[in-house]
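Order of the sequence lines fixes the chain letters, A, B, ..., with proteins taken first and strands second; residue numbering starts at 1 for each chain. Being a predicted model, the structure only gives us computed values, none of them experimental.
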Amino acid sequence: MLDIKWIRSNIDEVRTFLANRNNDLDLSPLLAMDEEKRALLSETEELKARRNEGSKKVGMAKAKGEDAAGVMEEMRAIGEKIKEIDLRIAEIDAALDDMLLSIPNRPHDSVPVGRDENDNREVRRWGEPKAFSFEPKPHWDLGEALGIMDFEKGASLAQSRFTVLKGKGARLERALTNFMLDLHTVKHGYLEVEPPFMVNSKTMQGTGQLPKFAEDLYKCEGEDLWLIPTAEVPLTNMHAGEILEEDQLPLYLTAYTPCFRREAGAYGRDVRGMLRQHQFDKVEMVKIATPETSYAELERMTDNAEEVLRTLNIPFRTICLCTGDMGFGASKTYDIEVWLPSQDKYREISSCSNCEDFQARRMNTRYRPKSGGRPRFVHTLNGSGIAVGRTLIAVLENYQREDGSIEVPEALIPYMGGLREIR
RNA sequence: GGAGAGGUGGCCGAGUGGUCGAAGGCGAUUGACUCGAAAUCAAUUGGGCGGCUUGCCGUCCCGUGGGUUCAAAUCCCACCCUCUCCGCCA
């Protein structure tokens with residue numbers, strides 16, 4: 001959520017960045033409502049001041065045993081008027097909130113302006129795609145042949161876009177999860193958290209999934225509970241409504257959770273294999289920082305995610321998303337894309353964003369500056385550290401051998417109980 | 001799920017219709033005393049919103065949302081949460 005006061009005085013800038021985000025939202029109703037609301041507020045507050053004073057007089061009169069019927073009658077009339085105005089303000093407020101909650105975040109100045117993924121800017125590459133002496137197979141062929149992936153079973157137990165991992169496949173998923181959590185907690189200083197996998201509407205609104213993107217989420221029938229689409233939601237909301245001390249910042253949080261996504265609007269995309277699932281595992285990183293440090297923290301967090309792939313020795317590239325391709329709540333986003341030999345392409349495996357104070361304002365998370373003064377909104381950052389299921393895919397495809405067996409990456413051998421290959 | 005108790009400022013805790021944003025204590029900050037933030041004494045000590053003459057004025061906030069009233073932390077209704085006991089259960 002953006003600050004209405006800031007929007008009011010920077011309206012041209014807002015219109016420009018909305019256009020850069022391919023968003024055609026009309027802001028004039030917002031401005032009109034804002035103005036009407038402020039006028040009504042002045043009016044009702046003045047009436048309330050008069051009523052407070054009148055009520056005080058009634059109290060004093062009654063204490064002295066005097067009659068106060070006249071004042072009481074006058075105050076009753078004022079009360080009626082106040083009720084009327086407050087009702088109108090509540091209406092405007094609801095509409096205003098609705099609009100404010102549906103305006104995306106302002107992109108940072110360093111973000112390339114562009115329409116779609118073709119305008120994203122590659123910032124670096126790491127590793128050389130391996131030259132195979134044979135035709136590398138896609139992970140679904142490898143996984144099924146090894147008996148570690150069962151797509152039919154996933155579909156029959158649940159639906160399409162669900163996969164069952166078995167045996168060494170399930171073990172590899174668990175090994176990757178533990179490896180990532182250990183890396184971030186021990187080496188990078190994140191606090192490991194095991195959050196709820198379901199959260200309420202208020203929490204979903206805090207990070208920006210609601211009210212706009214309900215159709216992407218799974219909701220529990222008859223309850224105000226939603227399955228989390230990412231651990232970003234519970235982790236970022238951990239300090240919702242709090243005023244932190246500057247000394248506490250930055251906070252680094254990490255969690256493994258399954259993630260649940262409807263994938264509405266993704267019909268026909270990545271239907272084979274387990275690249276795009278309704279349920280997948282992810283290790284997530286979240287930072288809560290001061291505005292002064294948040295962009296340095298974004299670089300560091302992106303590096304933390306890249307380190308997972310460097311340690312596994314799998315090639316990747318990192319891109320900076322352009323204004324048209326960036327998510328709703330982000331001011332700046334780096335996507336990390338892993339090399340998938342069967343597709344001869346880099347595919348997204350992590351997304352690291354600085355949301356500045358966009359989520360903080362929704363969640364009401366602030367900090368008290370060391371130098372004193374009023375509380376300020378924190379900056380929040382989130383990044384995949386990294387998507388576990390897609391990492392498993394990348395391991396299978398990049399470490400495959402001609403006979404269909406898989407070499408276990410060096411870093412994972414301890415996590416696989418000493419196992420050096422899957423066959 | 002059933003029965004009971006309760007939710008007040010950073011924390012503890014008083015307040016059951018009238019100058020209550022809220023006593024008192026703890027904690028914190030500042031000042032005095034001091035070799036010394038040990039003790040003592042004094043002062044200060046929440047947040048949101050609106051207005052303008054940017055320092056003040058006003059307004060709102062005692063779990064949340066409604067209601068009653070000239071006036072609500074205090075009365076009524078609904079919901080949420082916590083605790084105790086019972087039931088169920090990993």
Which whole number of Å gives the distance between the [atom1] atom of [N] and that of [M]?
{"N": "A5(B)", "M": "C75(B)", "atom1": "P", "answer": "15 Å"}
{"N": "C70(B)", "M": "A22(B)", "atom1": "P", "answer": "26 Å"}
{"N": "G87(B)", "M": "C80(B)", "atom1": "C1'", "answer": "23 Å"}
{"N": "U45(B)", "M": "G24(B)", "atom1": "P", "answer": "13 Å"}
{"N": "U16(B)", "M": "C83(B)", "atom1": "C1'", "answer": "23 Å"}
{"N": "A71(B)", "M": "C86(B)", "atom1": "C1'", "answer": "44 Å"}
{"N": "G6(B)", "M": "C12(B)", "atom1": "C1'", "answer": "16 Å"}

NA contact type, [X], heavy-atom cut-off 4.0 Å: base, sugar-phosphate, or nothing?
{"X": "Arg361(A)", "value": "nothing"}
{"X": "Met72(A)", "value": "base"}
{"X": "Asn364(A)", "value": "nothing"}
{"X": "Arg50(A)", "value": "nothing"}
{"X": "Lys48(A)", "value": "sugar-phosphate"}
{"X": "Val71(A)", "value": "nothing"}

Hey, what's the ring geometry for Tyr252(A) with Tyr190(A), parallel, tilted or perpendicular (30° and 60° as the breaks)?
tilted
Anything under 30° is parallel, anything over 60° is perpendicular, the rest tilted; go ahead and classify Phe328(A) against Phe358(A).
perpendicular
Does any nucleotide pair with [N] by Watson-Crick or G-U wobble geometry, both distances under 3.5 Å, and what is it?
{"N": "G87(B)", "value": "none"}
{"N": "U44(B)", "value": "A28(B)"}
{"N": "C49(B)", "value": "G58(B)"}
{"N": "G36(B)", "value": "none"}
{"N": "C79(B)", "value": "G63(B)"}
{"N": "U19(B)", "value": "none"}

Within 45° cone of Trp6(A) ring axis and under 6.0 Å: Arg106(A) NZ or CZ
yes
On RNA chain B, compare the nucleotides closest to Lys83(A) and Lys62(A); which residue's is nearer the 5' end?
Lys62(A)
Contacts of Ala49(A) and Arg374(A) projected onto RNA chain B by closest heavy atom; the upstream (5') one is Arg374(A)
Are any of the side-chain nitrogens in Arg261(A) or Glu263(A) under 4.0 Å away from the carboxylate oxygens of its partner?
no
Arg8(A)/Glu35(A) ion pair, N-O < 4.0 Å:
no
Chain A contact limits on RNA chain B, taken 5' to 3' with a cut-off of 4.0 angstrom to heavy atoms:
G18(B) to A71(B)
Does the ring centre of Tyr295(A) sit less than 6.0 Å away from the ring centre of His108(A)?
yes
